[in-house]
Structure formats: C-alpha cells, structure tokens
Amino acid sequence: VAAGRVREAKATEQSRDRCESSLGRLSSARRELDKAMEEAERTSKTDPKTVKDPKTIDRLNRAASVKTPGMVSCDASDVDGLDTAAVKADRSAKTAKTSVKAIRTAVKAVEASKLDKTVDDASRLLKDSEGKVQDARTRETLSKAIKARDAVAIAKAVKTVNDSRPRRRRPTRKPRRRPSRRPRSGK
C-alpha cells in the first residue's frame, strides 16, 4: 500500500513538473504575443496612402484581431488533472506562437508595401526631374538610393532633388481694376 502511494506521489510530482513547464511556455508565448500586438497596433496606424497595397493594412488588422489565450493553472491534485492542464497550456502556447508569426508576417508586409510606395514615388521623381535639376549629382544619389531600397537615403535624396529643381515662378498678377466711384447725383 505504501509503495503504491509513493509511486502515485512521484507520478503526481512528475505531472506537476510537466504542467509547470507547459505554463512557462504559455507565459513566454503570451509575452511574445503582447509584443507582436503592440507592434501591430503601431503599424496599423499607417496611412493607407503611404503604402503601395492598402490591403496589407487590412490583413494586418485581421491577423491582430486574435485574443490572448487565457492562463491555465496547475492546481489539480491528480495526475489526470495535471496532464489535462499541461496539454491545454501547450495547445494555447502553440496557438499564441502561430498568431505571433502571422502578425509579424503581416507587419513585414505593411513595411514592405510602404517601402515599395516610397521607391515608386522616388522613381517617378527621378524620371520627371530628368534635365530639370541644377545639379545632376542629386539625381545620381537618388538613383543609388532607389537601387539600395533604403528609405532613409531615398528621403534625403528626394529632398536634395526637389531643392535642386529651379523654383517655379508664379505668374505675376496684374492689379485688378476697381470700378471708379463716381459721386451719385442727388436725386
């Protein structure tokens, strides 16, 4: 009888250890999911006009609409209860990790779409500014930045190209003629 209780206590302890280990994985997965959700929230505020494909923002919002899995406790006193809690914690951790991966993929897609839009706009400026800049080196710098797909370098190069373009003069306005005011005859 005593040997049976010892085996049962040892099995319960092993199950409790497995359950605690599963809870650790779930806790870690929840932290990662929280970080990914924060990143998704920041990225989802991106103006749709600044991305090449606005649908990437919609996909990000769908991916980020997951719920954080609830915590599981290892407070069961028998092996079956502890094993059930461990399985539930592992399943929740796996779901959270899958959600993190989907969110991060969607965030990367939005960022890539933003860069694509920046590159397209810069390429258009490069084409439109041909022969219209005072310093051709500014266009060369822009071309190199476009090829490198470096958003910061592109922004600087776009500014220098725009600054190098001659300012357009506004057509001078001729003053409007006001109708003359004649004194009215006293009728």
Side-chain angles (χ1 to χ4, degrees), residues 21-72 89-176:
S21 178
S22 295
L23 282 182
R25 286 190 292 275
L26 175 57
S27 180
S28 175
R30 284 174 51 121
R31 280 192 302 276
E32 286 298 313
L33 182 59
D34 288 343
K35 287 179 191 175
M37 296 287 271
E38 289 171 8
E39 188 178 356
E41 186 176 336
R42 283 191 305 273
T43 305
S44 69
K45 293 178 182 175
T46 302
D47 184 359
K49 294 176 186 172
T50 64
V51 293
K52 186 172 183 178
D53 182 8
K55 291 178 184 176
T56 57
I57 296 172
D58 295 336
R59 287 191 286 271
L60 171 62
N61 289 333
R62 278 195 305 274
S65 66
V66 298
K67 292 183 180 178
T68 304
M71 280 305 290
V72 178
D90 283 337
R91 195 175 306 131
S92 293
K94 184 177 179 181
T95 301
K97 286 179 181 180
T98 302
S99 296
V100 166
K101 186 175 180 181
I103 291 169
R104 290 199 172 134
T105 299
V107 166
K108 286 178 184 175
V110 171
E111 295 299 330
S113 184
K114 232 164 119 175
L115 181 59
D116 290 345
K117 172 82 167 148
T118 301
V119 168
D120 286 353
D121 291 347
S123 297
R124 196 172 311 111
L125 174 63
L126 186 64
K127 182 180 174 190
D128 293 347
S129 66
E130 190 170 353
K132 298 178 184 175
V133 292
Q134 296 169 350
D135 185 0
R137 287 180 294 185
T138 59
R139 293 185 73 251
E140 291 171 19
T141 304
L142 179 59
S143 178
K144 288 178 184 175
I146 291 170
K147 287 177 185 169
R149 292 183 60 85
D150 181 353
V152 174
I154 289 172
K156 288 179 184 176
V158 163
K159 183 178 180 342
T160 59
V161 167
N162 284 331
D163 290 347
S164 182
R165 291 173 109 173
R167 301 279 180 229
R168 292 183 184 173
R169 289 187 176 182
R170 290 186 178 173
T172 55
R173 287 182 161 187
K174 295 181 181 176
R176 289 187 357 192

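Residues take their numbers from the sequence shown, with the count starting at 1.
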How far does [atom1] of [X] sit from [atom2] of [Y], to the nearest 0.5 angstrom?
X: L23; Y: S92; atom1: CG; atom2: OG; answer: 10.0 Å
X: K156; Y: D150; atom1: NZ; atom2: CG; answer: 8.5 Å
X: Q134; Y: D163; atom1: CD; atom2: CG; answer: 10.0 Å
X: E140; Y: L126; atom1: CD; atom2: CG; answer: 10.0 Å
X: L125; Y: K132; atom1: CG; atom2: NZ; answer: 10.5 Å

Does any non-hydrogen side-chain atom of [Y] lie less than 4.5 Å from one of [X]?
X: I57; Y: L60; answer: no
X: R91; Y: L26; answer: no
X: L115; Y: V119; answer: yes
X: T56; Y: S113; answer: yes
X: D121; Y: R124; answer: yes
X: R30; Y: M71; answer: yes

Open item on the list: With a 4.0 Å cut-off on N to O distance, would you call R149 and D116 a salt bridge?
Closed with: yes

Task: Carboxylate-amine/guanidinium proximity below 4.0 Å for D135 and R137 - done: yes

TODO: Give the minimum heavy-atom separation between P48 and P54, together with the two atoms involved.
DONE: O-CG, 4.0 Å

Open item on the list: If you compare all heavy atoms of T50 against all heavy atoms of D47, which two are closest, and at what distance to 0.1 Å?
Closed with: OG1-O, 2.6 Å

- [ ] Could you go through the side-chain contact (heavy atoms from CB on, under 4.5 Å) check for T118 and K52 one step at a time?
- [x] CA-CA 8 Å; T118 301; K52 186 172 183 178; over 6 Å; no

Task: Short side-chain to backbone donor-acceptor contact, S65 and R62, under 3.5 Å - done: yes

Open item on the list: Donor-acceptor pair, distance only, cut-off 3.5 Å: does the side chain of S22 make one with the backbone of D90?
Closed with: no

TODO: Just jot down the side chain to side chain donor-acceptor pair (under 3.5 Å) partners of S27, sequence neighbours excluded, or say none.
DONE: R31

Open item on the list: Quick one, S21 with R25, criterion side-chain contact (heavy atoms from CB on, under 4.5 Å). Give me CA distance, side-chain angles, the key distance, then yes/no.
Closed with: CA-CA 6 Å; S21 178; R25 286 190 292 275; 2.9 Å; yes

- [ ] For a side-chain hydrogen bond (donor to acceptor under 3.5 Å, both in side chains) with D53, tell me which candidate from K114, R59, K117 qualifies.
- [x] R59

Enumerate, atom names and distances included, each donor-acceptor pair closer than 3.5 Å involving a side-chain atom of residues 32-42, sequence neighbours excluded.
{"residue": "E32", "atom": "OE1", "partner": "R104", "partner atom": "NH1", "Å": "3.4"}
{"residue": "E32", "atom": "OE1", "partner": "R104", "partner atom": "NH2", "Å": "3.0"}

Task: Side chains of S129 and R139, donor plus acceptor under 3.5 Å - done: yes

